[in-house]
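Contents: one structure, followed by commentary.
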Amino acid sequence: MERLNDDCVCNILEFLPLVEQIKMARLAPRFQELLCLIVWRKPRYRKVSVSDSMLEPLCKEDYVYFFELTSPAMEELYIWNVHKKAFDSYLGRHLMRPELAFYLRRDYSSLRELCIADESMNNSMINTIAKSCRQLRSLSVSSAYVTGKHIAGLANLESLVAPECSVERSYLAELLEQLPLKHLDLTSNRHPVEATILQAEGSKRLQRLGLSDALDYGFPLADGLPLLTQLVVSYHKISPQDQLAMLDSTRKRVERSEGKFPRRLQSILCNVVDVEVALEQIAGLEKRHPRDTPKFNELLKIMYFLTNPQGEDKK
């Protein structure tokens, strides 16, 4: 193969399974360079999931070797189930995959999207990500130890999905003001943040929002954020009495407003039909009437779809 030109060698390398590609990379510097600069720059190697079938045959040594060589070119990375495969130094066992800290120490200079489903994520790890992922546009994490600290260091972040986290109001206000966020999901956040979102000037850039326990079924949010096109609100363990009371307060809010409220609301979807019909009737979208004996559910999820902003709303 030494006599073949680079194009021919790359064509051969592309047909090899990843295990064999890694063997070739270890065999000669030329093969490693061609793999890193050409073959492993293909889309399938730039969008990586730790559960990807192409990684399954790799031993731990080859797995680490592959990540060390390819991480600078990765554009999307999805990390989950690390605890099921990573070594546990406390128990003295070494399994198939490295621990979470290994992934966070890599150079991700090209990374645009990062999803980490691991309950051990914390602020220190977020700080590491902020330093190594300067081009990150989308971050998804879920951990009670994430309070929002250091997220503002991700200067290009446009999407933050952080369900079941503990994002504090002060950090939320900071990142709403400093980051170009368009998508924010704080479902089941452990601190009430609705007021912070409504007050922050940076919230006016949001196009999609997810939140739990919003006031009046989320109507103030749907009306108060001018660029919003999709709003998802959810409630956990909410009694029928509380739902009826909130329907009443929502109706009174709409009656006090001038004209349509929320102004740009187009449609509503809800996992509970009677709540959906009641909200549509309150918003003036539906002619159906709620049943005499409506049924409720302790778990409630509502999706609002709003029109794209036009005219003065765009400004």
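Please read all numbers here as calculations on a predicted model, not as lab measurements.
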I'd like to know if the side chain of [X] reaches the main chain of [Y], judged simply by a donor and an acceptor atom lying under 3.5 Å from each other, with no hydrogens or angles considered.
X	Y	result
Arg264	Pro226	yes
Ser166	Ala144	yes
Ser142	Pro163	yes
Arg253	Pro220	no
Tyr78	Asp52	no
Arg137	Gln135	yes
Ser110	Glu75	no
Arg190	Glu164	yes
Asp223	Arg263	yes

To the nearest 0.5 angstrom, please state how far the [atom1] atom of [X] sits from the [atom2] atom of [Y].
X	Y	atom1	atom2	answer
Cys8	Arg3	SG	CZ	14.0 Å
Tyr304	Thr229	OH	OG1	15.0 Å
Arg106	Leu111	CZ	CG	13.0 Å
Ser143	Asn123	OG	CG	9.0 Å
Arg205	Leu227	CZ	CG	9.5 Å
Leu247	Tyr217	CG	OH	3.5 Å

Do [X] and [Y] have side chains that get closer than 4.5 Å, going by heavy atoms?
X	Y	result
Gln243	Val275	yes
Ile302	Tyr235	yes
Leu175	Leu172	yes
Val141	Cys165	yes
Asp274	Phe296	no
Leu13	Leu35	yes

Is the Phe67 ring parallel, tilted or perpendicular to the Phe102 ring (thresholds 30°, 60°)?
perpendicular
Which of parallel (below 30°), tilted (30 to 60°) and perpendicular (above 60°) describes Phe66 and Trp40?
perpendicular
With a sphere of 6.0 Å drawn around NZ of Lys131, does it hold more than 12 non-hydrogen atoms of other residues, nucleotides or ligands?
no
I'd like to know whether CD of Gln266 has more than 12 heavy-atom contacts from other residues, nucleotides or ligands below 6.0 angstrom.
yes
Listed once per pair and sorted, the ring pair (Phe, Tyr, Trp, His ring centres under 6.0 Å) pairs that draw on residues 129-188, sequence neighbours left out
none
Quick check: closest heavy atoms across [X] and [Y], and the distance to 0.1 Å?
X	Y	answer
Ala152	Gln178	CB-OE1, 3.7 Å
Ser120	Leu100	OG-CD2, 3.8 Å
Glu177	Gly202	OE2-N, 3.3 Å
Leu139	Leu157	N-CD1, 3.7 Å

Taking only Lys NZ, Arg NE, NH1 and NH2, and the carboxylate oxygens of Asp or Glu, determine whether Glu20 and Lys23 approach each other closer than 4.0 Å.
yes
Any salt bridge between Asp6 and Arg30, counting N to O under 4.0 Å?
yes
Which ILVMFWY residues are connected to Val232, directly or by a chain of links, through side-chain heavy atoms under 4.5 Å apart?
Leu269, Met303, Phe305
Distance to the ring centre below 6.0 angstrom and angle to the axis at most 45 degrees; does that hold for Arg26 and Tyr65?
yes
Do we see a donor-acceptor contact under 3.5 Å between the side chains of Ser212 and Ser234?
yes
Run Leu279 and Cys270 through side chain to side chain contact (heavy atoms under 4.5 Å, CB included) and show every step you take.
CA-CA 9 Å; Leu279 291 175; Cys270 180; 5.7 Å; no
